[in-house]
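All chains are named by letter (A, B, ...) in the order of the sequence lines, taking the proteins before the strands, and each is independently numbered beginning at 1.
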Amino acid sequence: MISEFVRQHKITSLITGVIILALVGYFAYTSITRAGKEPVSVYLVPGDATLTVNGMSIGAGTAYLTPGSYTVKASKDGFEDYSGTITVGKPNTTTIDIALTPASDTAKQWAKDHQNLYLAREARAGQKANQEGEAFSDANPITSQLPYSNFLYTIGYQADTSDPSGNSIIVTIDALQGYRNAAVQKIRDMGYDPTTLNIKFRNYVNPFSHE
Amino acid sequence: MSKKAFILIITALIAIGAAITALMYYNSLKPVAFTLKDPDLTVSVYRTSNDGKDETKVAAVSSSGTAHIAEGDYTVRPDGDTYDPSGISLSVRGNDTKITIDPDYSATHLSSLLTDTEKTALNTTISQSYPQIINQYTINTGQLTKKGEWYVTTLTEKVADNRDMPDTYRVVLHKENNTWKIIGAPALVLTTKNYKDVPVEVLKKANELPYQS
């Protein structure tokens, strides 16, 4: 029945077969080439600026990159060059969003005429900051009560740069001699178990570490 | 029907009913594989009443093996005073329920293990580890924990004036091959980040020891 149909509709069958083969080939190609890669959304203002990632030219849209660190550079005549780094695979780093700063008069006029593109970029940056802020607060609820200070000690926090996620903190304690234990007790009184925190005492040397 | 036949029929019906009831009850029981880590450990299985106030013992397990228990939620508690009486939740569903019971020792039993000989050995280990500065600190009596192979205590700074506030350091020791060994350096607070090889419940116990003044 199928062979009869094909015989009667040779051209249609040929076109359909080619389309199916092309689709299968496309999905196979993308599966192979994108295996192990993360999708990265690329926004570029102006859209025809030159953008390279580790020297490889990419355009606006979606790029597929292997997790790791990349040097990103963007440039266009009349605009200030941009250079930065991103880490693909790190949470909240699935976009490259660059708006070049106009330098020449022509570029400034262009930016004025396309202000909506710059405003859209600011809106995306604000949304990303909100998302990152929420993730940070969720991971570190104690920060809502810090810094805490009285005349005996201050409890604060700083980013833990050893954590690639960017969401870890070090709780810092500045205390008068004899009141460091009281500061730790304060953390417990706030409702947090100091055992699970990364705590650093400032202006302090553990006498037992240097024995 | 004669009276004898009637009695026989009634007796047969009762027997059949009892057999069916017994069979239904037996089928409702599910195999639960118990693994008791200590050979001396025995446990009892309790079903809690709906209001949570009463417990009914439904099974006793004296060694690793299989017990048959009806589907439901239970609490397993070690028997006797040697082990921590805290209950372990057991949920029996289907035919593949397994539970491993490895409780810590009770506070009472751990206290009994902290003999004067043991305290001397612990204090000697601490003193010999920090000979240059240990005289500046009071080694307080601490607590054994887990199964007596971990010990936590505090070292309180000796201050010249009662108005000065001393620093209190927490220290963890572990018994290996019958010898006590300090794990890490004494610190104002022991954290999972800095003491990765120490069970978190041991760190928590050390941090919860009161300050000594």
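The number of heavy-atom neighbours closer than 6.0 Å to CG of A/Asp113, taken from other residues, nucleotides and ligands shown, is above 12. Shown here is A/Lys73, whose NZ atom has no more than 12 heavy atoms of other residues, nucleotides or ligands within 6.0 Å. In A/Gln115, the CD atom is not crowded: 12 or fewer heavy atoms of neighbouring residues, nucleotides or ligands sit closer than 6.0 Å. The number of heavy-atom neighbours closer than 6.0 Å to CG of B/Asp197, taken from other residues, nucleotides and ligands shown, is 12 or below. Surrounding NZ of B/Lys158 are more than 12 heavy atoms belonging to other residues, nucleotides or ligands, all under 6.0 Å away.
Among all heavy-atom pairs drawn from A/Tyr179 and B/Asp167, the shortest one is N-OD1, 4.4 Å.
Proximity to chain A (any heavy atom under 4.5 Å) is shown, for B/Tyr195, by neither the backbone nor the side chain. Within the 4.5 angstrom heavy-atom criterion, atoms from both the backbone and the side chain of A/Asn181 approach chain B.
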Quiz: residues 38-59 of chain A side-chain donor-acceptor pairs under 3.5 angstrom, not counting sequence neighbours:
residue	atom	partner	partner atom	Å
A/Asp48	OD1	A/Lys76	NZ	3.3
A/Asp48	OD2	A/Lys76	NZ	3.0
A/Asn54	OD1	A/Thr71	N	2.7

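By a heavy-atom distance cut of under 4.5 Å, B/Val200, B/Leu203, B/Lys204, B/Asn207, B/Glu208 are the residues of residues 198-208 of chain B near chain A, going up by number. When the heavy atoms of residues 55-74 of chain B are compared with those of chain A, none of the residues falls under 4.5 Å. Listed by sequence position, B/Ala185, B/Pro186, B/Ala187, B/Leu188, B/Val189, B/Leu190, B/Thr191, B/Thr192, B/Lys193 are the residues of residues 183-194 of chain B in contact with chain A, using a 4.5 angstrom heavy-atom cutoff.
The aromatic rings of A/Tyr204 and B/Tyr169 sit parallel to each other, their planes meeting at less than 30°, with 60° as the upper class boundary.
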